[in-house]
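What follows is a set of notes on a single structure, which appears directly below.
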Amino acid sequence: MSFMLPRTSDRFDPASGLLRAEHFQMAYATNDVEQARALFGQRLGIKDFTRLEGPLAMGGAIRVELAWVGTIMYELIEATGPGSELYMDRLPTGDGFHLRHHHLGYLVHDQAQWDGVMAAAAREGWAVPYSNRNPMMAACFVDVPELGHYLEYLFPEQAGIDFFNGVARS
């Protein structure tokens, strides 16, 4: 028997709790993005990715591989050099391949929701170790230590929406 699990479309309100936003992304940090791609492709079924890479603000470099599977975007992150700590500091040290959950990603739909994210993080005393606004989107990471991973909030402009729509579907 086939059925679809009915889901309600809640009104998203991150001001009332940071998990009350539209979850759309699962992200993993790795010290070897090629090996991570192979794992996700050969063993987990995600074959096609869109690559995004470039410099970090403090001088390091980052490479990201993105893929949609249904309504969830998977992200693989490898960063090196100055400024890479935000992405790499929770990976184990030592030789060998390492891959760890890095963050859950949430879409922010309007300025009120963005302001709600900032207010909720401040109210709870959680650090926001990264916040940026560029022509594609506003983005920030909130560190909720008890979770062991970050929460990322993305408030896209039209260019960001167009980019997300162009990410590979696997």
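Count residues from 1 along the sequence.
By the 4.5 Å heavy-atom criterion applied to side chains, S84 and I62 are not counted as neighbours. Considering only heavy atoms from C-beta on, F163 comes within 4.5 Å of V167 through its side chain. Looking only at side-chain heavy atoms (C-beta outward), P156 and L107 come within less than 4.5 Å of each other. Counting only heavy atoms from C-beta outward, the side chains of N132 and Y130 approach each other to under 4.5 Å. With contacts defined as side-chain heavy-atom distances shorter than 4.5 Å, the pair Y87/L56 qualifies. Looking at heavy atoms from C-beta onward, L39 lies in side-chain contact with L99 at the 4.5 angstrom threshold. Counting heavy atoms from C-beta outward, I72 and M26 have side chains that approach closer than 4.5 Å. Counting only heavy atoms from C-beta outward, the side chains of T30 and Q35 never approach each other to under 4.5 Å.
The minimum heavy-atom distance between W68 and F164, with the atom names listed, is NE1-O, 2.8 Å. Closest non-hydrogen pair, V128 versus S131, comes out as CG1-CB, 4.3 Å.
Between E34 and R51 a salt bridge is recorded (basic side-chain N to carboxylate O distance below 4.0 Å).
Checked against salt bridge (Lys or Arg N to Asp or Glu O under 4.0 Å), E85 has no partners two or more places apart in sequence or in another chain. For H103, the ring pair (Phe, Tyr, Trp, His ring centres under 6.0 Å) test picks out F141, with sequence neighbours left out. For D143, the side-chain hydrogen bond (donor to acceptor under 3.5 Å, both in side chains) criterion is met by R90, not counting sequence neighbours. Residues satisfying the salt bridge (Lys or Arg N to Asp or Glu O under 4.0 Å) criterion with E78, sequence neighbours excluded, are absent altogether. Residues that satisfy the salt bridge (Lys or Arg N to Asp or Glu O under 4.0 Å) test with R20, not counting sequence neighbours, are absent from this structure. With sequence neighbours excluded, no residue forms a side-chain hydrogen bond (donor to acceptor under 3.5 Å, both in side chains) with T80. With sequence neighbours left out, the side-chain contact (heavy atoms from CB on, under 4.5 Å) criterion links D162 to Q158. Applying the ring pair (Phe, Tyr, Trp, His ring centres under 6.0 Å) criterion to H98, with sequence neighbours excluded, gives no partner residue. Taking F49 as the reference, nothing meets the ring pair (Phe, Tyr, Trp, His ring centres under 6.0 Å) condition, with sequence neighbours excluded. For H109, the side-chain hydrogen bond (donor to acceptor under 3.5 Å, both in side chains) test picks out E22, with sequence neighbours left out. Applying the ring pair (Phe, Tyr, Trp, His ring centres under 6.0 Å) test to Y74 and every residue at least two apart in sequence or in another chain returns nothing.
Atom CG in D48 sits 13.0 Å away from atom CG in L66 (nearest 0.5 Å). Taking CG of L104 as the start and CG of L18 as the end, the distance is 11.5 Å to the nearest 0.5 Å. Remark: F12 CZ to D110 CG distance equals 12.0 Å, nearest 0.5 Å. Summarising the geometry, atom CD belonging to Q113 is positioned 13.0 Å from atom OH belonging to Y106; distances are rounded to the nearest 0.5 Å. A distance of 9.0 Å separates CD in E157 from CG in N134, rounded to the nearest 0.5 Å. Taking CE of M88 as the reference point, atom OG1 of T93 lies at 12.0 Å (rounded to 0.5 Å).
K47 places a side-chain N or O within donor-acceptor distance of the main-chain N or O of G41, the cut-off being under 3.5 Å. Side-chain atoms of N31 come within 3.5 Å of backbone atoms of G96 as a donor-acceptor pair (strictly under, hydrogens ignored).
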| query | Under the side-chain contact (heavy atoms from CB on, under 4.5 Å) criterion, do I77 and V33 qualify, and how do the steps go? | reply | CA-CA 7 Å; I77 306 163; V33 77; over 6 Å; no
| task | Please report the C-alpha distance between H102 and Y28 in whole Å, then the side-chain angles of each, then the deciding distance to 0.1 Å, and finally whether the ring-ring contact (aromatic ring centres under 6.0 Å, His included) criterion is met. | result | CA-CA 5 Å; H102 185 265; Y28 298 86; 9.7 Å; no
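The hydrophobic cluster of M58 has no other members, since no ILVMFWY side-chain heavy atom comes under 4.5 Å of it.
In R123, the CZ atom is crowded: over 12 heavy atoms of neighbouring residues, nucleotides or ligands sit closer than 6.0 Å.
Each of L19 and Y150 belongs to its own hydrophobic cluster when Ile, Leu, Val, Met, Phe, Trp and Tyr are linked at side-chain heavy-atom distances under 4.5 angstrom.
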